[in-house]
Structures are given as C-alpha cells and as structure tokens.
*Asks:* 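I'd like to ask some things about the structure below.
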Number of protein chains: 2
Amino acid sequence: MISLAEENYLKALFNLAGQRGEVNVTELSKQLGIKMPTVTSMMKKLAEKKLVYYESYKPLRLTEKGKKEAALVIRKHRLTEMFLVEKMGLGWEDVHEIAEEVEHIRSTAFFDKMDELLGFPRIDPHGSSIPDKNGKFASIPYDKLCDCRVGETVKLSAVIHSSSEFLKFLTNRAIRLGIRMKIRSVEPFDGSMVIGYDNRQETLSRTVCERLLVEKGK
Amino acid sequence: MISLAEENYLKALFNLAGQRGEVNVTELSKQLGIKMPTVTSMMKKLAEKKLVYYESYKPLRLTEKGKKEAALVIRKHRLTEMFLVEKMGLGWEDVHEIAEEVEHIRSTAFFDKMDELLGFPRIDPHGSSIPDKNGKFASIPYDKLCDCRVGETVKLSAVIHSSSEFLKFLTNRAIRLGIRMKIRSVEPFDGSMVIGYDNRQETLSRTVCERLLVEKGK
DNA sequence: ATATTTTGTTAGATCATCCTAACATTATAG
DNA sequence: CTATAATGTTAGGATGATCTAACAAAATAT
Ligand SMILES: [Mn+2]
Ligand SMILES: [Mn+2]
Ligand SMILES: [Mn+2]
Ligand SMILES: [Mn+2]
C-alpha cells in the first residue's frame with residue numbers, strides 16, 4: 001500500500017526526472033517543500049519498497065515499479081483535471097490544486113468512470129499526456145516556443161505545468177491550447193518574442209515563451 | 001484546521017447522536033472500528049478544540065461548533081454521493097465508499113460546483129437530507145416501515161444508511177426511493193411484512209423493514 | 001592542492017494516530 | 001448490598017511523517 005505522502009514523492013520524482021531519469025535530493029526537497037533529511041529518510045523507505053534506487057550521495061532514480069506507480073498517480077491527477085474542466089466547467093487555472101487532493105482517492109471505479117465519461121482522453125487541459133491504466137505514456141515531442149525561429153507558425157499544444165497566475169495571465173491574453181502563433185520577431189536583448197495569433201499581437205517575455213510548448217508545421 | 005481523522009470522528013458522533021445528542025465511547029469505538037483508548041484520547045483533543053464536550057465517564061456530546069463542522073463534512077459526503085449517482089451514473093450501492101474518501105477534499109469550490117450542477121439538491125441518493133453551507137439540516141420526520149399498520153400505503157423516502165449489500169438486495173427486488181408500498185400483512189411471529197408495490201409482492205424481514213423510511217399518506 | 005561552498009546524511013526530537021495491557025469506575029444481577 | 005460485568009481511562013509503546021542541529025562527503029574556487 002502506497003500512502004498519500006509516498007504518492008506525492010513518487011509523482012515529484014517522476015516529474016523532475018528528465019531524460020537522464022535522475023533527481024537530486026535538493027531538487028526533490030525544493031519541489032515538495034520538505035526538508036532534505038525528511039526526503040532522505042523517505043527515499044530509504046521507498047527503496048525498501050522497491051520503488052526507488054537509493055545509494056548514499058548518488059542521484060535518485062525510480063525503479064520500473066516506481067515509474068509505474070508514479071504514472072498511475074499522474075493518470076489520476078490528469079483525468080481529474082480534465083473532468084473538472086470538461087464536465088464541471090471549472091477553468092484550467094483552478095483545477096490543479098483540486099486535482100492535487102483528488103489524485104489520492106483510492107477507488108479505481110471513480111477514475112475509470114471519469115475516463116469513460118470523458119471518452120478516454122489522451123491529453124489533459126494543459127496539454128500533458130494522460131498515461132493509460134498500465135502507466136504507459138504516449139509522449140509527443142513538443143518544442144518550446146522560445147526555440148522557434150522568426151517567421152515560423154506553430155500550434156500551441158501544451159503549457160509547462162504551472163501556477164494559476166501563469167494560466168490566468170495566458171487567459172487574459174486569449175492564449176489557449178490549439179491556437180496558431182506566428183513569431184513576428186525576437187528581441188535579442190532579453191529573448192522576448194512578438195507573437196501574432198487570432199487577430200492580435202503580444203510581446204511575451206522569455207520566461208513565458210519557455211513555458212509554451214508548440215508543434216511546428218501544424 | 002480539522003484533520004481527516006478528526007472529520008471522521010465528528011461525522012460518526014453526529015450520526016450516532018440520536019435525539020438526546022449523546023454518544024458512548026463504546027458505540028463510537030465500534031462505529032469507527034477504532035479501539036476505545038484511542039477514542040478517549042481523540043475526544044480530549046476535540047474537547048480542546050471546542051468541538052466536543054468531554055467529561056470522564058460521561059456520555060460524549062458535540063458542541064454547536066462541533067455539530068456545524070460535522071454537518072459540513074456530511075454535506076460534502078452527501079453532495080458527492082448525489083453527484084456520483086446523478087452526474088456520473090454510478091449505482092446507489094457504489095457511492096458511499098467513494099464519498100467516504102472524497103468528503104475530506106478541502107476545496108470548497110469543488111463541492112460548490114457539484115452543488116450548482118446538481119441544482120442545489122436537498123436530499124442524497126439514499127433519501128438523507130443534505131445540510132446547507134451553514135450546516136443547517138432540513139430534517140423531514142420519516143417513519144420506519146416496520147412501524148406502519150396493515151393496509152396502509154406509504155411512499156419509500158429514504159433508507160437507513162447501510163452496506164452496499166443491503167442496497168443491492170433492494171435493487172434486486174426493484175425497491176427504490178419514491179415507490180408506493182402497501183402493507184399487505186405482518187407476520188406476528190417475526191415481524192416480517194408482506195409488501196405490495198409496482199406490480200409485485202415481496203416478504204421483507206423485520207431487519208429490512210427497520211431500515212426503510214417512509215412517508216404516510218403520500 | 002587546499003579552502004570553501006554546496007549537497008547529503010545522521011542523530012535526536014515532535015506530533016498525529018493508532019495499539020495492548022492494566023487499572024478504575026459505573027451499571028447490573030443476585 | 002455486594003459480586004460481577006460492562007464501560008471507560010491511564011500508561012506505555014509503535015509507526016509514519018515531519019523538523020532542527022550537527023556532521024560528512026562531494027563539488028567548486030582560488
Ligand atoms: Mn496539475
Ligand atoms: Mn497530491
Ligand atoms: Mn454515505
Ligand atoms: Mn471519511
């Protein structure tokens with residue numbers, strides 16, 4: 001049995017593990033807002049449960065079992081977000097906090113029903129992929145908007161998971177998933193971009209452009 | 001802040017407190033499946049928080065604050081059950097267990113949205129009253145089916161909250177809220193009743209009849 | 001190559017929730 | 001009105017999840 005606290009550690013490990021699949025204690029500690037000694041001792045416990053590979057002073061890695069369990073929590077989180085937006089009419093900026101709690105509900109029937117009512121969606125309201133029941137991801141390789149060139153037209157497909165403030169900022173500018181954006185210019189000085197979409201134009205800071213994931217040639 | 005465990009104690013206290021409003025440690029312990037010494041120490045904690053009146057060897061009573069907090073948990077529980085049945089298509093026998101977990105979600109926006117989507121229902125799928133946002137109940141005085149006389153026709157309005165086995169038993173016999181039941185006869189021997197409803201007739205044990213709440217002259 | 005900084009671990013404590021064993025009080029039955 | 005049974009409390013301990021202070025190892029800078 002995996003506790004609520006353990007589920008949050010697994011999820012954070014999964015989300016922080018990049019390509020290399022390695023996470024530092026410091027990073028994980030910051031992500032969770034939990035002090036390092038607490039993280040270390042939890043890592044030892046998760047290692048006993050065969051969910052994490054742990055060796056002193058080495059980076060943390062999830063085992064296959066750990067990855068699967070993490071993916072199942074992420075599945076519950078993202079299905080919840082999708083359900084809250086699609087079936088309950090909440091805004092994409094309001095659902096993450098609620099999902100952070102609902103993801104720990106144990107009843108699989110509850111989430112299976114959400115899945116069914118949603119028509120088995122493969123992406124959540126922020127454009128992230130929803131793992132299947134076996135914890136398998138269908139990950140689409142997006143590009144960051146900030147890595148695109150002047151003149152390109154791209155489709156906004158996902159936002160890097162973030163605060164409700166960021167999502168409200170986007171909503172205020174009518175920036176939402178699916179829109180086509182044309183890169184009009186890039187300020188070499190600070191990396192901010194002038195973007196055209198719909199019938200408008202906005203200057204977006206580099207910080208913003210790093211969090212917008214797009215598909216080229218779409 | 002009221003913890004998940006505390007919420008469960010408050011809810012159990014509220015549900016066990018009859019007219020007299022008093023609950024024994026033994027009863028509460030049995031209801032929650034938690035040993036008596038644990039209950040005693042939790043009562044001391046809830047007393048410090050002004051949620052319960054506690055004196056050694058005296059029956060337990062909720063304070064007004066305790067009643068309100070309990071009612072708010074019950075509100076979340078019953079709204080959830082209603083939502084699961086009405087908006088998600090689950091059976092009335094499947095929702096209690098899920099609601100037992102969902103009731104601890106802290107987001108009020110989540111439950112307010114359910115309430116709104118349901119059109120501000122006043123009863124849950126088992127016929128129990130849903131408290132309002134201030135924890136106020138509109139309690140309708142039901143009669144137990146077993147207290148009705150031969151020849152009476154009554155409307156089934158609620159079932160005393162119970163196991164999914166009981167609810168499946170009722171469903172298997174097409175017994176659901178709203179049906180009219182006519183008491184054909186009562187077996188003096190064991191109190192079982194022969195009941196006519198729809199176009200059928202069933203003999204229901206006293207145990208069953210004690211759990212069916214009806215309205216007379218409806 | 002050493003000194004300093006950053007990162008991670010150990011030791012020891014707290015708090016919440018639960019338990020069992022032993023004891024105390026209250027209620028009930030002869 | 002005692003003896004017994006039922007009910008409730010105290011004492012002491014376990015586990016899970018967290019913390020701070022002190023120490024150790026690894027990385028970095030001079
Ligand atoms: Mn989220
Ligand atoms: Mn969470
Ligand atoms: Mn219920
Ligand atoms: Mn509960």
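The structure presented is a predicted model; accordingly, all values stated were derived computationally and were not measured. Sequence lines set the chain letters: A, B, ... in the order given, protein chains first and strands last, and positions in each chain run from 1.
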*Asks:* Could you check how far CG of B:Leu10 sits from P of C:dT17, rounded to whole Å?
*Replies:* 11 Å
*Asks:* In residues 34-59 of chain B, what residues come within less than 4.0 Å of DNA chain D, judged by heavy atoms?
*Replies:* B:Met36, B:Pro37, B:Thr40, B:Lys44, B:Tyr54, B:Ser56, B:Tyr57
*Asks:* Atom CG of B:Leu4 and atom P of C:dC15: how far apart are they, to the nearest Å?
*Replies:* 21 Å
*Asks:* For the side chain of B:Lys65 and the backbone of B:Lys49, is there at least one donor-acceptor N/O pair under 3.5 Å apart?
*Replies:* yes
*Asks:* Specify whether B:His96 and B:His161 have parallel, tilted or perpendicular ring planes, treating 30° as the upper limit for parallel and 60° as the lower limit for perpendicular.
*Replies:* tilted
*Asks:* Quick one: do B:Glu187 and B:Ser192 satisfy side chain to side chain donor-acceptor pair (under 3.5 Å)? Show the steps, please.
*Replies:* CA-CA 5 Å; B:Glu187 189 58 56; B:Ser192 63; 5.2 Å; no
*Asks:* Between the protein and nucleotides 3-5 of chain D, which nitrogen or oxygen pairs are less than 3.5 angstrom apart?
*Replies:*
none

*Asks:* List the steps and the verdict of side chain to side chain donor-acceptor pair (under 3.5 Å) for B:Asn24 and B:Thr26.
*Replies:* CA-CA 5 Å; B:Asn24 297 318; B:Thr26 307; over 6 Å; no
*Asks:* Return yes if some donor-acceptor pair links the side-chain N/O of B:Thr203 with the main-chain N/O of B:Val194 below 3.5 Å, else return no.
*Replies:* no
*Asks:* Residues of residues 13-26 of chain A with any non-hydrogen atom less than 4.0 angstrom from an atom of DNA chain D: list those, numerically ordered, please.
*Replies:* none
*Asks:* Can you list every ring-ring contact (aromatic ring centres under 6.0 Å, His included) pair that touches residues 13-35 of chain A, not counting sequence neighbours?
*Replies:* A:Phe14-A:Phe137
*Asks:* Test of understanding: with side chain to side chain donor-acceptor pair (under 3.5 Å), list the residues that count as partners of A:Lys67, not counting sequence neighbours.
*Replies:* A:Glu64
*Asks:* For A:Leu28 and C:dT6, give me the distance from atom CG to atom P, rounded to whole Å.
*Replies:* 20 Å
*Asks:* Return yes if a side-chain donor-acceptor contact under 3.5 Å exists between A:His77 and A:Asp124, otherwise no.
*Replies:* no
*Asks:* Which residue pairs satisfy the ring-ring contact (aromatic ring centres under 6.0 Å, His included) criterion with at least one member in residues 38-66 of chain B, sequence neighbours excluded?
*Replies:* none
*Asks:* Pick one: which of B:Lys76, B:Lys11, B:Arg75 meets side-chain hydrogen bond (donor to acceptor under 3.5 Å, both in side chains) with B:Glu103?
*Replies:* B:Lys11
*Asks:* Quick one: B:Tyr9 OH to C:dT17 C1', roughly how many Å, whole number?
*Replies:* 7 Å
